[in-house]
Amino acid sequence: MRRWKQMVAVILAAVFLSMLTAGLGVASETSGNTGEQEKPESEMTEEEKAAKAEKEAREKALKEAYELPVQTNERKGWPKGPGTYGDAGIVMDADSGAILYAKNIDKKEYPASITKVLTALLAFQYGDMDSQVTVSKEALACLGSGYASIGLKEGNQISLEQTMYAMLLASANEAAYAVGETVALSQGQDYDWFIGQMNEKCAQLGGENSNFVNTNGVFDENHFTCARDMALIGKALFDYPMFFQICQAQQYTIPESDTVEEHVFQQKHHMLIANHSDYYEYAVGGKTGYTTEAENTLITLADNGERRLVCVVLHTYGGHPYSDTKALLDYGFDHFQKVSVEDLDEDMEYSRISDGAYVLLSEKADVEKLDREIVLHEDGTDDATVTYFYDEIPVGTCEVTVSANYYNNKKKVQEEPKEIKEEENEPKEDAREEKKDDKERYKAAAAIGAAAILAVCAGIAVITTRINRKREEKRRRH
């Protein structure tokens, strides 16, 4: 029995030793392969050196982008958001305007082709989707090497709706130019008018850090935006169902006709492509973008049935715009809860609150730290827009009608500066009067003093004259 146990032990030891030796061999082989891949720089060609330098620069840029500060992570009682491999990112609640995640959201960035969502917004506002678009020479002039196009030719005629599909799905730059040109023409204007409307619309939505000079995002150093402004544009697009109809199409065909060749193109936003590895079940719309200067840009609109979010990432390095966006949207959906504005109005300062108005806060956020700003409408009524802030970042905006008491007090406060100014002027007037009186008293005192001196001098003169006379009379007697 003992011999049998010894044999089993020897066999197990042999098996273990064999496995260990094989493992060391594999490790040695792997190490050797790694050594073969790490060719000494002295043995590299110029092309290999350049590729190595580019790779190292890319890795450094990725690391630096990931380590950039996330401003919302500095809030007390706020859930920590994920790091991203881009310069800027934002998650905004589309219904309340609450900013849930903020990373350099006001930093100037180049938008590239996500510019086209603003072009689309204006087309929905002003355009007739059944109207005819004629592709002009100017629309084709914007195309440079490598820029997206479906190959439209000068004189091609398609509907505005077909042009919108070409712009949003295929990111065709000539289509975006044609959209702006056609919508402007329908208003009796030209392409430059449309560009002006793009900037006006952005400002109306609350954007303050953008300047658009074209409809497609073709690089221009004067064509820039920021994450916050693009999120505001995305928020506004939730009012236009056709935007989502276009964005969710997997493929679209412009059929051949007497005025155009057949064009077939597919969805480019990976999070909207069924069965794609980057597919995101709550994504409902969006737009991709890329230029060398802008890197990757991406805007994504998402709806999980309870909350609608807009996510924008800018100047994001390759391979990461979709993974970053997914992480940010998951963060926005998973870590916040609605707090009714009605529950926040403890002082009963609103007589009416827009239906379902709320702010978004984390479960650990201290409601007592909320600040608010109430801005009365310029029409002179008691209607107002109220925005709530948590550590200076907006967490909800809604429309209200203020109470009569609040309205009257607000008007009184607005008039107070005039009264204060008048009161401030009164001491100045008193001071001037006092100075005037002092001056008059000084003059009077000076006059009295001068008269007294003259009187003294006159008296001395009289006495001196009398003394001199007496001396003269005495001299004569002797």
Side-chain angles (χ1 to χ4, degrees), residues 62 65-66 70 72 79-96 98-103 105 111-114 116-117 120 165 167-171 227-228 230-252 265-290 294-338 360:
L62 272 172
Y66 193 84
V70 176
T72 40
K80 299 296 182 185
T84 64
Y85 291 97
D87 286 358
I90 189 172
V91 178
M92 177 181 287
D93 180 65
D95 296 301
S96 67
I99 294 176
L100 308 180
Y101 179 93
K103 178 180 181 179
I105 61 175
S113 281
I114 64 172
K116 295 177 174 101
V117 299
Y165 273 93
M167 176 179 73
L168 291 173
L169 277 190
S171 198
R228 187 201 298 260
M230 289 308 305
L232 291 168
I233 293 165
K235 178 178 181 294
L237 281 165
F238 270 104
D239 292 334
Y240 296 94
M242 190 175 185
F243 175 75
F244 301 99
Q245 173 187 321
I246 294 173
C247 287
Q248 292 172 24
Q250 300 297 293
Q251 178 173 293
Y252 188 78
F265 38 89
Q266 289 77 32
Q267 173 66 252
K268 286 191 173 184
H269 194 312
H270 294 178
M271 300 179 83
L272 295 164
I273 301 174
N275 301 320
H276 195 284
S277 60
D278 291 320
Y279 176 74
Y280 189 73
E281 62 177 321
Y282 301 135
V284 292
K287 183 72 189 74
T288 61
Y290 175 81
E295 284 288 346
N296 289 277
T297 63
L298 189 68
I299 180 171
T300 307
L301 284 63
D303 184 350
N304 71 348
E306 297 181 1
R307 189 169 304 150
R308 304 189 301 178
L309 301 179
V310 182
C311 179
V312 179
V313 292
L314 298 175
H315 204 277
T316 300
Y317 292 96
H320 296 283
Y322 294 112
S323 58
D324 283 356
T325 295
K326 181 183 183 302
L328 291 177
L329 287 172
D330 283 345
Y331 166 83
F333 283 130
D334 295 343
H335 292 92
F336 300 91
Q337 61 181 349
K338 295 180 180 180
L360 276 178

Should [X] and [Y] count as side-chain neighbours, where that means a heavy-atom distance under 4.5 Å?
| X | Y | value |
| --- | --- | --- |
| Asp93 | Leu309 | yes |
| Val117 | Leu237 | yes |
| His320 | Leu62 | yes |
| Tyr101 | Val70 | yes |
| Lys338 | Leu360 | yes |
| Thr325 | Cys311 | yes |
| Val312 | Val91 | no |

Rounded at 0.5 Å granularity, tell me how far [atom1] in [X] sits from [atom2] in [Y].
| X | Y | atom1 | atom2 | value |
| --- | --- | --- | --- | --- |
| Lys287 | Leu298 | NZ | CG | 9.0 Å |
| Phe238 | Phe244 | CZ | CZ | 4.5 Å |
| Ile105 | Ile99 | CD1 | CD1 | 4.0 Å |
| Tyr280 | Ser323 | OH | OG | 13.0 Å |
| Ile299 | Met230 | CD1 | CE | 4.5 Å |
| Leu232 | Met92 | CG | CE | 4.0 Å |

Verdict with reasoning, Tyr290 to Glu295, per side chain to side chain contact (heavy atoms under 4.5 Å, CB included): CA-CA 5 Å; Tyr290 175 81; Glu295 284 288 346; 4.2 Å; yes
Contacts of type salt bridge (Lys or Arg N to Asp or Glu O under 4.0 Å), residue Arg308, not counting sequence neighbours: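 With sequence neighbours excluded, Arg308 shows a salt bridge (Lys or Arg N to Asp or Glu O under 4.0 Å) to Asp95, given in chain and number order.
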Side chain to side chain contact (heavy atoms under 4.5 Å, CB included) between Thr72 and Leu100, intermediate numbers included: CA-CA 7 Å; Thr72 40; Leu100 308 180; over 6 Å; no
Between [X] (side chain) and [Y] (backbone), is there a donor-acceptor pair under 3.5 Å?
| X | Y | value |
| --- | --- | --- |
| Asp324 | Tyr85 | yes |
| Tyr282 | Leu329 | no |
| Arg307 | Phe336 | yes |

With sequence neighbours excluded, residues passing ring-ring contact (aromatic ring centres under 6.0 Å, His included) with Tyr252: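 Tyr252: ring-ring contact (aromatic ring centres under 6.0 Å, His included) contacts with Tyr165, Phe265.
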For His270, ring-ring contact (aromatic ring centres under 6.0 Å, His included) partners two or more places apart: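 With neighbours one apart ignored, the set is His276, Tyr322.
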Taking all non-hydrogen atoms of both residues, which atom of [X] and which atom of [Y] are closest, and how far apart?
| X | Y | value |
| --- | --- | --- |
| Ala294 | Ala112 | CB-CB, 3.9 Å |
| Pro82 | Leu328 | CG-CD2, 3.6 Å |
| Val284 | Cys247 | O-CB, 4.3 Å |
| Asn304 | Phe333 | ND2-CD2, 3.2 Å |
| Pro321 | Asn296 | CG-CB, 4.0 Å |
| Ile246 | Leu169 | O-CD2, 3.6 Å |

Listed partners of [X] passing side-chain hydrogen bond (donor to acceptor under 3.5 Å, both in side chains), at least two apart:
| X | result |
| --- | --- |
| Thr300 | His269 |
| Tyr317 | none |
| Lys116 | Ser113, Ser171, Asn173 |

From CA spacing to verdict: side chain to side chain contact (heavy atoms under 4.5 Å, CB included), Thr84, Lys103: CA-CA 9 Å; Thr84 64; Lys103 178 180 181 179; 3.0 Å; yes
Step-by-step side chain to side chain contact (heavy atoms under 4.5 Å, CB included) determination, Asp278 to Lys326: CA-CA 8 Å; Asp278 291 320; Lys326 181 183 183 302; over 6 Å; no
CD/Gln251: more than 12 non-hydrogen atoms of other groups inside 6.0 Å: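 Count over threshold, so yes.
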Gln267 versus Gln250, side-chain donor and acceptor atoms under 3.5 Å: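 No - no donor-acceptor pair under 3.5 Å links their side chains.
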